[in-house]
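Below you'll find the structure, written out as structure tokens, and then a few comments.
Because the structure is a prediction, the values reported are computed rather than measured. Every chain is numbered from 1, with letters handed out A, B, ... down the list of sequences.
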2 protein chains.
Amino acid sequence: MNATTVSPRARRLRESGYKLTSARLAVLTALEASDGHLTSTELIERVLALDPAVGRASVFRALELFTRLSLVRPTYLSGSVTPAYVLLPGGHHHHFVCLRCGRVIEVEDCSLLDTTREMEQRLGVHVTGHLVEFFGLCANCAALPAEEDS
Amino acid sequence: MNATTVSPRARRLRESGYKLTSARLAVLTALEASDGHLTSTELIERVLALDPAVGRASVFRALELFTRLSLVRPTYLSGSVTPAYVLLPGGHHHHFVCLRCGRVIEVEDCSLLDTTREMEQRLGVHVTGHLVEFFGLCANCAALPAEEDS
DNA sequence: TTAGATGCAAATAGTTTGCATTTGT
DNA sequence: ACAAATGCAAACTATTTGCATCTAA
């Protein structure tokens with residue numbers, strides 16, 4: 001793989017001592033092209049569209065590696081127990097999930113920097129990222145009367 | 001079921017219009033007796049210990065309901081894609097997960113109340129809770145030299 | 001009384017594994 | 001050159017579903 005054409009994340013992979021394989025690159029590319037939340041199944045579809053030679057297992061292996069590297073984080077949205085993977089630009093991600101209709105709204109605001117510093121000191125840990133999930137009812141569902149799915 | 005002996009969460013279930021069945025009660029009891037994080041498999045074990053008549057499916061159905069009611073939240077720890085369920089006393093939960101050894105440290109501090117209010121106003125949503133996951137390396141793993149599992 | 005919830009067991013879908021082979025560095 | 005990573009396909013596990021029955025309110 002050519003060092004000049006790869007994304008910063010891909011470069012980081014290599015710098016962490018992992019091979020930048022075509023399978024990993026396809027997974028990364030698919031994730032970066034997404035709007036933010038992809039289940040393994042959706043991801044496999046898109047990876048195969050990019051590179052039909054990639055095996056499913058490698059997608060799971062890449063996801064596990066990316067999670068360990070804090071490039072990505074699995075999160076549970078509604079309706080399914082299958083996780084959706086989100087990219088962590090800058091090491092974090094925040095969203096709101098509607099518990100009724102499943103709608104997800106990205107939230108930019110991050111007020112956890114101080115908390116993070118304080119926690120690192122107190123616990124002696126090294127924090128590489130965080131995920132914040134707010135949940136409840138979206139404007140639509142909050143306005144609805146009884147219990148019907150939108 | 002007797003209204004005077006049930007936990008606040010159980011009461012809340014009934015008040016939300018759901019039946020307080022023995023399956024749901026067993027799941028709730030098992031969760032409340034836990035230290036905080038239980039996978040569905042661990043939960044099923046404990047539920048069966050409490051009440052052998054409960055079927056697996058009901059455990060999953062209860063977890064889905066409890067998630068919708070913000071009593072509980074699925075979260076990803078390390079090693080497995082299967083979620084661990086955490087109780088949400090006061091509607092929230094915060095923890096740190098070590099990406100290397102999987103250790104989980106509960107974090108009390110919550111600095112998201114203002115953020116929550118602001119968000120509810122801006123997006124028109126109704127927030128019933130939140131989950132915050134910090135991740136990185138625990139003190140132990142941060143101190144370790146290369147790449148071996150502890 | 002009766003809508004809602006259940007247990008069961010079968011079906012499904014998602015994930016992991018072992019291994020021979022390939023590939024990035 | 002060679003350790004690391006892969007693809008494959010089989011094995012496995014977790015989750016969901018349909019349905020007759022039961023039960024909390």
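One atom, CG of L13(B), and another, P of dA25(D), lie 10 Å apart when rounded to the nearest Å. Taking atom CG of residue L48(B) and atom P of nucleotide dT6(C), one finds them 14 Å apart after rounding to whole Å. Look at CG on L43(B): it is 13 Å from P on dA14(D), rounded to the nearest Å. Spacing between atom CZ of R11(B) and atom C1' of dA25(D) amounts to 16 Å, rounded to whole angstrom units. If you take CZ of R56(A) and P of dT17(C), they are 17 Å apart, rounded to a whole angstrom. For the pair E64(A) CD and dT15(C) C1', the computed distance is 11 Å after rounding to whole Å. Rounding to whole angstrom units, OH of residue Y18(A) and C1' of dA3(D) are separated by 14 Å.
Residues S80(B) and L65(B) both approach DNA chain C. Their nearest nucleotides, taken by heavy-atom distance, put L65(B) toward the 5′ side. Each of S58(A) and I44(B) lies near DNA chain D, and the nucleotide nearest S58(A) is the one positioned closer to the 5' end. Residue order along DNA chain C, read from the 5' end via each residue's closest nucleotide, puts A23(B) first among A23(B) and P83(A).
Note on ring orientation: taking the six-membered ring where Trp is involved, the planes of H37(B) and H93(B) are perpendicular (angle over 60°, cut-offs 30° and 60°).
Contact annotation: R14(A) does not reach the phosphate of dG24(C) (side-chain N/O to OP1 or OP2, under 4.0 Å). For S22(B) and dT23(D), the shortest distance from a side-chain N or O to OP1 or OP2 is not below 4.0 Å. Dashed line: the shortest gap from a side-chain N or O of T21(A) to OP1 or OP2 of dA5(D) is not under 4.0 Å.
Across all strands shown, R24(B) has heavy atoms under 4.0 Å from sugar-phosphate atoms exclusively, and none from any base. Within 4.0 Å (heavy atoms only), T39(A) reaches no atom of the nucleic acid at all.
A salt bridge does not link R61(B) to E64(B): none of the charged side-chain nitrogens sits closer than 4.0 Å to a carboxylate oxygen. A salt bridge is absent between E15(B) and R12(B); no separation between the charged side-chain nitrogens and carboxylate oxygens falls under 4.0 Å. Here R122(B) pairs with E118(B) in a salt bridge; the nearest charged N to carboxylate O distance falls below 4.0 Å.
Among dT17(C), dA5(D), dT16(C), the nucleotide with an atom closest to any side-chain atom of R61(A) is dT17(C). Minimum atom distance to the side chain of K19(A) is reached by dA4(D), of the listed dA4(D), dA9(C), dA14(D).
Considering every non-hydrogen atom in both C98(B) and L137(B), the closest pair reads SG-CA, 3.9 Å.
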